[in-house]
Structures are given as C-alpha cells and as structure tokens.
Trainee: 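I have a structure here, written as structure tokens, and I will follow up with some questions on it.
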Amino acid sequence: MDALKLIEQSSMKEETPKFNIGDTVKVSVNIREGSRERIQMFEGTVIAMSGSGISRTFTVRRLSYGVGVERVFPLHSPNVVDVQVIRRGKVRRAKLYYLRDRVGKAAKVKAAIK
C-alpha cells in the first residue's frame, strides 16, 4: 500500500488550485484534434468534488444556449492546464445537484463576501 501511495504522490501536480464547491471557475483544457492541439476554456460553477489523492475529480456546470452542460475534470490530469477562480460562492452543501432543477436567477449561487 505504501508503494502505491509513493507512486501516487510522485505523479500528482505540485501546485493544485484552491477552489471549493459553489465557486465559479474557468478551466483551461487541452484539446487534441488530429495532430493539432488547442486550449479550450470551460467556465461554470463547481457543483461537486469527489475522490481523493490522484483520482480527485470536480464537476463544473454551465448553461449553454439554455441547455445545462456538465463536465467532470480530473484535478491532476495533464490535459487540465489551469483552473482560475472567477468568483467565490457561499454555499452550505457539499453537492449542488439541486441546481439542475433550477432555472434563471434561482440557479445562481450567492457570492461570498470576504
């Protein structure tokens, strides 16, 4: 078990961004199309984080032309180039799945005042 933890720690990114559930983030993702590579931005609200260690993932939700789109990103993936926190959110839940049923302003997360 200790050998697995050593391998896991060596392959993890040194500096992971600090963000929480409810934050609005902009995720830079490396997209490969044939032989070309480009960076695509995905901006939305973090509605869930799961896993631990190298297998930690986070789910980002946004509305695109009136349709809800969710993507799950591995936190330590080499394809996730950068995660920028746009806005901090004030929530009292660990998972924000209830936002899926809300429409308009009711689907917004209040901003945290610090």
Trainee: May I ask you to check whether over 12 heavy atoms, not counting those of R36, lie within 6.0 Å of atom CZ?
Mentor: no
Trainee: Quick one: does D23's side chain have a donor or acceptor within less than 3.5 Å of a partner on G89's backbone?
Mentor: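 A pair under 3.5 Å: yes.
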Trainee: To the nearest 0.5 Å, how far apart are CZ in R32 and CD in E37?
Mentor: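 Rounded to the nearest 0.5 Å, the CZ-CD separation comes to 4.5 Å.
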Trainee: Within a reach of under 6.0 Å around CZ of R100, are more than 12 heavy atoms found that belong to other residues, nucleotides or ligands?
Mentor: yes
Trainee: Apply side chain to side chain contact (heavy atoms under 4.5 Å, CB included) to V46 and N20, showing your working.
Mentor: CA-CA 7 Å; V46 178; N20 290 317; over 6 Å; no
Trainee: Should E70 and R62 be marked as a salt bridge (Lys or Arg N to Asp or Glu O under 4.0 Å) after you check the CA-CA gap, both sets of side-chain angles, and the distance that decides it?
Mentor: CA-CA 7 Å; E70 292 183 9; R62 75 167 180 196; over 6 Å; no
Trainee: Are I86 and V29 connected in a single hydrophobic cluster, I mean Ile/Leu/Val/Met/Phe/Trp/Tyr linked by side-chain heavy atoms less than 4.5 Å apart?
Mentor: no
Trainee: Is R56 reaching over with its side chain to a backbone N or O of G51, donor-acceptor style, under 3.5 angstrom?
Mentor: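 Between the backbone of G51 and the side chain of R56 there is a qualifying donor-acceptor contact (under 3.5 Å).
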Trainee: Hey, is the main chain of N79 close enough, under 3.5 Å, to the side chain of S77 for a donor-acceptor pair?
Mentor: yes
Trainee: Could you give all pairs that pass the ring pair (Phe, Tyr, Trp, His ring centres under 6.0 Å) test and reach residues 88-114, with sequence neighbours left out?
Mentor: none
Trainee: By the ring pair (Phe, Tyr, Trp, His ring centres under 6.0 Å) test, which pairs, at least two apart or in different chains, include something from residues 32-62?
Mentor: F19-F58, F42-F73, F58-F73
Trainee: On a heavy-atom basis, which atom in T45 and which in T24 lie closest, and how many Å separate them?
Mentor: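 The pair with the smallest heavy-atom distance is OG1-OG1, 4.1 Å.
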Trainee: Enter the distance from L99:CG to K108:NZ here, rounded to the nearest 0.5 Å.
Mentor: 10.5 Å
Trainee: If we ignore hydrogens and angles and just use 3.5 Å, is the side chain of K26 paired with the main-chain N or O of D82 as donor and acceptor?
Mentor: no
